[in-house]
Amino acid sequence: MSETPKKKPGTLARLPRGFVDRDAAEIAGVNAMLETIRGVYELYGFEAVETPAIEFTDALGKFLPDQDRPNEGVFSFQDDDEQWLSLRYDLTAPLARYVAEHFDALPKPYRSYRSGYVFRNEKPGPGRFRQFMQFDADTVGSASPAADAEICMMAADTMEELGIARGDYVVRVNNRKVLDGVMEAIGLGGDENAGRRLTVLRAIDKLDKFGPEGVKLLLGAGRKDESGDFTKGAGLDEAQIEKLLLFVSPSENYYYSVPVGDQTRLIDDDADVEVKEIPLLRDLFKGDVRAYYDSLGLLGRWGHLLQDSPVGTAAVHELNEIVSLVRASGYGSKRIRIDPSVVRGLEYYTGPVYEVELTFPVTNEDGLVVRFGSVAGGGRYDGLVARFRGEEVPATGFSIGVSRLAAALKSLGKLGAEKPVGPVVVLVMDRDQVAEYQKMVSELRAAGIRAEMYLGSSGMKAQMKYADRRNAPAVIIQGSNEREAGEVMIKDLVAGAEAAKTITDNAEWRAARPAQFAAKRGELVEKIRELLAGR
RNA sequence: GCAGCCGUAGCUCAGUUGGUUAGAGCGCCAGAUUGUGGCUCUGGAGGUCCCCCGUUCGAGCCGGGGCGGUUGUACCA
């Protein structure tokens with residue numbers, strides 16, 4: 001007795017960082033979300049296909065892990081036969097493997113969708129986890145910008161089906177080849193400048209985060225963050241920076257151009273009216289380059305700036321086609337727009353890239369207002385399947401970050417974050433009557449009503465607390481009194497809680513026993529059904 | 001990875017110039033109430049003061065190192 005009982009050391013109940021448990025409310029909410037997304041994709045004619053969570057490491061397009069840091073970025077391990085395997089870090093690379101493996105049997109173009117967990121071995125942050133869910137849709141085997149346009153429209157539809165209002169999100173579109181063309185134009189072409197091009201692209205990607213001033217620093221000498229840490233810049237000169245910023249500065253005018261006869265006409269994005277012809281405009285603004293570009297809108301400006309670059313010109317044409325396709329279907333610039341700051345995945349994208357951004361302020365768990373930013377993204381990856389086959393296979397697709405989007409929907413109140421209604425609980429009043437209680441449960445279950453018998457060993461008060469905690473709609477009480485009368489006592493917990501709000505006195509509370517009624521034992525199922533139907 | 005801030009009960013946090021047995025609120029469990037959720041009251045359980053080393057007669061507090069968390073930044077297939 002004198003000895004204090006030492007607590008056994010035991011195993012620490014803890015989760016590695018970047019991983020989360022999901023409770024019933026969360027699962028229900030996300031499942032509803034997945035069903036909604038699936039509905040939109042099916043409507044667009046996409047079909048389901050799934051691949052496993054583990055692939056050969058090289059199939060994911062990842063270099064083999066080196067000895068010292070085999071898990072840098074990707075969770076990897078060696079199989080019995082010493083081949084390297086990895087947990088997938090996205091759903092696109094595995095799809096490319098799938099398509100390549102079943103190429104002859106698949107209809108092409110091949111539209112498919114899939115959802116699942118992906119894994120990244122990196123530092124987690126707010127809204128960033130090491131295991132998270134993605135929902136992808138891809139079209140493989142079509143090089144047409146119509147395939148890209150379709151994905152963008154589907155992305156917009158998905159957001160609205162999920163309850164995000166028009167104007168609270170935007171699908172931003174860019175083209176990797178446009179960026180390549182610009183690099184060339186400022187003298188950053190060629191293999192020897194590959195490293196600097198990367199730095200420049202990354203700087204442009206930060207445009208909406210740091211603004212033009214911050215990007216200017218990153219393109220030049222470098223930038224210091226608020227903790228005092230310094231990020232080295234791209235080291236461009238004033239003229240190059242000026243040109244780049246002119247190129248990527250957003251335009252108030254969302255025009256796109258359509259050929260009419262041998263002329264090109266500008267069409268206003270939203271109003272869908274013809275504006276003016278380019279040759280006229282060029283004369284009008286002679287001498288004022290900025291004003292001229294502004295009047296052209298983004299695509300007009302780009303077309304002009306890139307007129308000497310074949311790649312850039314082709315890219316602008318692609319964007320023009322995407323825009324005119326989505327406009328023709330009624331998707332205005334509030335929903336889908338060209339945005340110069342979209343860079344994305346620096347590795348495998350080869351053409352149009354897109355990103356879905358939420359534009360409304362989100363209040364996080366700590367009550368702070370944060371910009372939520374990107375919840376989905378994708379683009380064209382014509383080279384990915386080619387890694388498995390000799391020939392290039394054009395493909396485009398996008399990926400929704402389900403976990404992130406779920407958090408945003410929760411903040412909007414569009415995700416059922418309510419605790420799901422629990423089962424009807426049959427209390428155990430007398431231990432020797434367990435068989436009878438179990439029979440009640442069976443009758444309810446046979447009638448399709450969620451029900452359970454209390455399986456613990458505590459007294460009635462604890463059983464009531466249990467039912468409360470389960471969010472049970474009702475409990476069934478049968479003690480000796482009721483049993484002798486051939487009855488059961490049914491207590492409506494929701495109505496009871498409501499009634500109790502006005503009772504402050506303890507004696508009254510105990511005497512009142514609100515919202516409960518006796519029913520004949522034979523009418524149990526019927527009465528419960530009525531009670532639940534009243535909800 | 002780099003930089004800043006922070007680690008005391010399940011949670012949120014007090015804790016004096018370094019000094020006896022480390023506290024509060026909330027939550028949890030039980031009783032008041034033979035068989036009724038809430039309120040109230042009473043009682044109870046719950047601590048490696050993140051870890052290790054050092055300084056000291058003495059460390060939750062001071063010093064060094066590590067680990068963990070968080071924020072910014074980098075990376076993001």
Side-chain angles (χ1 to χ4, degrees), chain A residues 4-7 9 12-18 57 60-63 69 72-74 86 88-94 96 118-126 128 130 132 134 198-199 202-203 205-206 209-210 214 218 222-232 343-349 366 368 370 374 377-379 381 384 399 401 425 427-430 458-472 474-483 489-516:
Chain A
T4 44
K6 271 274 190 291
K7 205 161 105 181
L12 276 175
R14 57 174 190 162
L15 209 49
R17 65 177 169 180
T57 301
L60 293 178
K62 183 76 185 170
F63 295 112
R69 328 175 73 177
E72 187 70 7
V74 182
S86 293
R88 62 186 177 196
Y89 52 77
D90 68 10
L91 298 179
T92 308
V118 300
F119 304 84
R120 295 188 187 178
N121 191 9
E122 59 194 10
K123 181 185 139 186
R128 282 182 67 170
R130 294 206 285 175
F132 59 97
Q134 290 190 332
L198 210 65
T199 312
R202 286 169 184 164
D205 196 34
K206 304 281 184 293
K209 197 172 182 180
F210 298 145
L218 283 173
R223 178 179 178 276
K224 203 179 267 191
D225 74 29
E226 63 188 53
S227 68
D229 196 33
F230 185 74
T231 308
K232 197 170 179 295
V343 176
R344 291 200 64 79
L346 300 156
E347 294 298 324
Y348 62 49
Y349 290 120
D366 300 328
L368 297 171
V370 293
S374 174
Y381 50 95
L384 210 50
S399 176
V425 176
L427 302 195
V428 173
M429 305 301 292
D430 302 301
S458 300
M460 181 171 184
K461 183 161 180 164
Q463 295 190 38
M464 286 300 299
K465 281 192 174 181
Y466 169 81
D468 203 33
R469 209 169 267 195
R470 287 299 309 275
N471 204 20
V475 294
I476 293 166
I477 305 163
Q478 189 190 54
S480 53
N481 296 346
E482 289 85 2
R483 189 159 52 250
M489 190 64 76
I490 296 173
K491 186 172 180 102
D492 181 336
L493 291 188
V494 179
E498 200 58 41
K501 279 180 185 168
T502 58
I503 302 175
T504 51
D505 177 66
N506 183 254
E508 187 191 344
W509 162 260
R510 293 181 55 72
R513 294 186 177 176
Q516 66 183 55

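The analysis underlying the following values was restricted to heavy atoms, covering all of them including side chains, and did not include hydrogens, waters or symmetry mates. Chain naming here is simple, since letters A, B, ... match the order of the sequence lines and numbering starts at 1 in each.
Distances shorter than 4.0 Å separate some side-chain N or O of Lys209(A) from OP1 or OP2 on rU73(B). Residue Arg17(A) places at least one side-chain N or O under 4.0 Å from the OP1 or OP2 atom of rG69(B). For the pair Arg202(A) and rC76(B), the criterion of a side-chain N or O lying under 4.0 Å from OP1 or OP2 is met. Taking 4.0 angstrom as the limit, Lys461(A) places a side-chain polar atom (N or O) nearer than this to OP1 or OP2 of rG37(B). Taking only side-chain nitrogens and oxygens, Lys465(A) never comes nearer than 4.0 Å to OP1 or OP2 of rA30(B).
Residue-to-nucleotide contacts include no donor-acceptor pair under 3.5 Å from the side chain of Gln463(A) to the base of rU36(B). At a cut-off of 3.5 angstrom, counting only N and O atoms as typed in the model, there is no donor on one side facing an acceptor on the other between the side-chain of Lys123(A) and the base of rG69(B). At a cut-off of 3.5 angstrom, counting only N and O atoms as typed in the model, there is no donor on one side facing an acceptor on the other between the side-chain of Arg120(A) and the base of rC76(B).
For the atom pair CG (Asp492(A)) and CD (Glu498(A)), the distance works out to 10.5 Å, reported to the nearest 0.5 Å. Distance check, rounded to the nearest 0.5 Å: CZ of Phe210(A) to CZ of Arg223(A) gives 3.5 Å.
The existence of a salt bridge linking Arg483(A) and Asp430(A) is confirmed by a sub-4.0 Å separation between a basic side-chain nitrogen and an acidic carboxylate oxygen.
Each of rG37(B), rA77(B), rA74(B) was ranked by its minimum atom distance to the side chain of Val74(A); first place goes to rA77(B). Of the candidate nucleotides rA74(B), rG35(B), rA77(B), rA74(B) has the atom nearest to the side chain of Thr231(A).
Pair check for rC2(B) finds rG72(B); Watson-Crick or G-U wobble, both atom distances under 3.5 Å.
If you check every strand for non-hydrogen atoms under 4.0 Å, Arg469(A) touches sugar and phosphate atoms only.
Both geometric conditions, a ring-centre gap below 5.5 Å and a plane tilt below 30°, are fulfilled for Tyr89(A) over the base of rA77(B).
For the P atom pair drawn from rC53(B) and rU12(B), the interatomic distance equals 29 Å after rounding to whole Å. Between the C1' atoms of rC50(B) and rU70(B), the separation comes to 15 Å (whole Å).
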